[in-house]
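Following: one structure in structure tokens, then a few remarks.
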Amino acid sequence: MSDGTFAVLGLLLGLWQMGAEHCPAGDCLAARAVPGAASLSSGMVWFQGEAVGREAYLRATTGRARGPFRGVAGASATSLGDLWAGAGAAVRFEDPLGLLHGELHLMPGLWRRGRGPDLGGAIEFRSGAEFGVAAGPAEIGLSYDHRSNGGLFPDNPGLESFQLRVRRGARP
């Protein structure tokens with residue numbers, strides 16, 4: 001899914017959720033406070049179908065939202081010394097009991113290459129999906145992320161990561 005599929009899916013599902021849950025109450029994109037939470041994840045990094053290292057990733061829900069679109073920010077480092085940091089939006093879906101969740105996100109960011117593969121430029125968009133379960137005051141989930149420069153630079157190979165994520169604090 002290196003073509004922006006998660007970004008488009010997140011936008012479409014977010015617009016659907018906005019129409020169903022936020023517009024009937026008034027302003028579809030009204031600013032609102034949401035519980036902030038921090039998550040830490042770790043997993044494998046893949047480049048062109050080959051495992052190339054491990055990644056640690058810290059991400060936070062900022063406590064602000066506009067309609068269904070929640071603010072998120074994150075930073076990651078790979079075992080090869082690559083660094084990425086960015087901020088953007090996420091759309092979250094939960095079952096009625098709040099036990100299961102799904103989330104789609106898109107975050108533009110800055111990337112610095114260490115010894116890892118060349119991604120073509122310093123601007124890299126991170127989009128992905130997470131599915132998880134509540135575990136007391138925490139959540140545990142599996143996530144898939146894709147990073148690419150979206151064609152901003154002539155070379156746009158993309159990079160994927162599969163991770164186990166633990167979120168602690170107020171559930172967003």
Side-chain angles (χ1 to χ4, degrees), residues 1-18 29 31 34 36-93 101-132 139 141-167 172:
M1 293 212 185
S2 61
D3 58 1
T5 303
F6 284 123
V8 171
L9 186 59
L11 176 62
L12 292 176
L13 290 174
L15 292 173
W16 172 81
Q17 186 181 30
M18 180 174 66
L29 289 174
V34 295
S39 64
L40 181 62
S41 60
S42 179
M44 295 302 297
V45 177
W46 295 80
F47 180 72
Q48 299 181 343
E50 186 176 320
V52 295
R54 297 192 60 77
E55 179 180 47
Y57 181 31
L58 177 63
R59 194 171 92 189
T61 303
T62 64
R64 294 183 302 267
R66 288 223 170 250
F69 303 101
R70 300 164 184 258
V72 292
S76 69
T78 71
S79 58
L80 299 171
D82 299 339
L83 302 174
W84 177 89
V91 177
R92 182 180 171 91
F93 302 91
H101 74 273
E103 187 173 287
L104 297 167
H105 63 270
L106 173 64
M107 293 186 280
L110 297 175
W111 173 76
R112 185 190 67 81
R113 182 179 181 198
R115 297 180 323 277
D118 185 356
L119 299 183
I123 299 172
E124 296 292 325
F125 299 91
R126 187 172 195 139
S127 61
E130 175 184 333
F131 298 96
E139 291 179 342
L142 295 174
S143 68
Y144 165 82
D145 285 339
H146 172 78
R147 270 160 287 172
S148 75
N149 62 52
L152 292 176
F153 304 99
D155 192 21
N156 185 27
L159 183 77
E160 284 77 34
S161 57
F162 296 92
Q163 301 188 353
L164 176 65
R165 182 181 315 269
V166 176
R167 181 179 288 129

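The basis for the numbers below is simple: all heavy atoms, side chains too, and nothing from hydrogens, waters or symmetry mates.
Closest approach of Arg54 and Ser42 over heavy atoms only: NH2-OG, 3.5 Å. Shown here for Arg66 and Ala31, the closest heavy-atom pair between the two residues is NH1-N, 3.5 Å. The minimum heavy-atom distance linking Asp82 with Pro117 is given by the pair OD2-CD, 4.1 Å. Pairing each heavy atom of Phe131 with each of Ala129, the nearest pair is CE1-CB, 4.1 Å. Minimum heavy-atom separation, Ala77 to Leu83: CB-CD2, 3.6 Å. The two residues Gly53 and Ser79 have their closest heavy-atom pair at CA-OG, 3.4 Å.
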**OP:** I would like to know whether Arg126 and Asp145 meet salt bridge (charged side-chain N to carboxylate O under 4.0 Å, His left out); could you show each step before the answer?
**Re:** CA-CA 6 Å; Arg126 187 172 195 139; Asp145 285 339; 2.8 Å; yes
**OP:** Take Glu130 and His101 through the test side chain to side chain donor-acceptor pair (under 3.5 Å) and record every step on the way to the result.
**Re:** CA-CA 8 Å; Glu130 175 184 333; His101 74 273; 2.9 Å; yes
Original post:
side-chain contact (heavy atoms from CB on, under 4.5 Å) between Met107 and Val72: does it pass, once the steps are laid out?
Top reply: CA-CA 8 Å; Met107 293 186 280; Val72 292; 3.4 Å; yes
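Side-chain atoms of Thr62 come within 3.5 Å of backbone N or O of Gly71 as a donor-acceptor pair. No donor-acceptor distance shorter than 3.5 angstrom exists from the side chain of Thr61 to the backbone of Gly63, with no hydrogens or angles considered.
Taking 4.5 Å as the limit, some side-chain heavy atom of Arg92 sits within range of a side-chain heavy atom of Arg70. Side-chain contact between Trp84 and Leu110 is absent, with no heavy atoms from C-beta onward closer than 4.5 Å. Leu40 has its side chain out of reach of Val166: every pair of non-hydrogen atoms, C-beta onward, lies at least 4.5 Å apart. Side-chain contact check for Trp111 versus Leu119: some heavy-atom pair is nearer than 4.5 Å. Annotation: side chain of Phe125 is in contact with side chain of Leu106 (closest heavy-atom distance under 4.5 Å).
Of the inter-residue distances, the one linking Asp118 atom CG with Leu159 atom CG reads 11.5 Å to the nearest 0.5 angstrom. Rounded to the nearest 0.5 Å, atoms CD (Gln48) and CD (Glu160) are 9.5 Å apart. Here the CE atom belonging to Met44 is positioned 10.5 Å from the OG atom belonging to Ser161, to the nearest 0.5 angstrom.
For Phe153, the side-chain contact (heavy atoms from CB on, under 4.5 Å) criterion is met by Ile123, Asn149, not counting sequence neighbours. Take Arg147 and apply the salt bridge (charged side-chain N to carboxylate O under 4.0 Å, His left out) test, not counting sequence neighbours, and it matches Glu55. Contacts of Ser39 classified as side-chain contact (heavy atoms from CB on, under 4.5 Å), with partners at least two apart in sequence or in another chain: Arg59, Arg165, Arg167.
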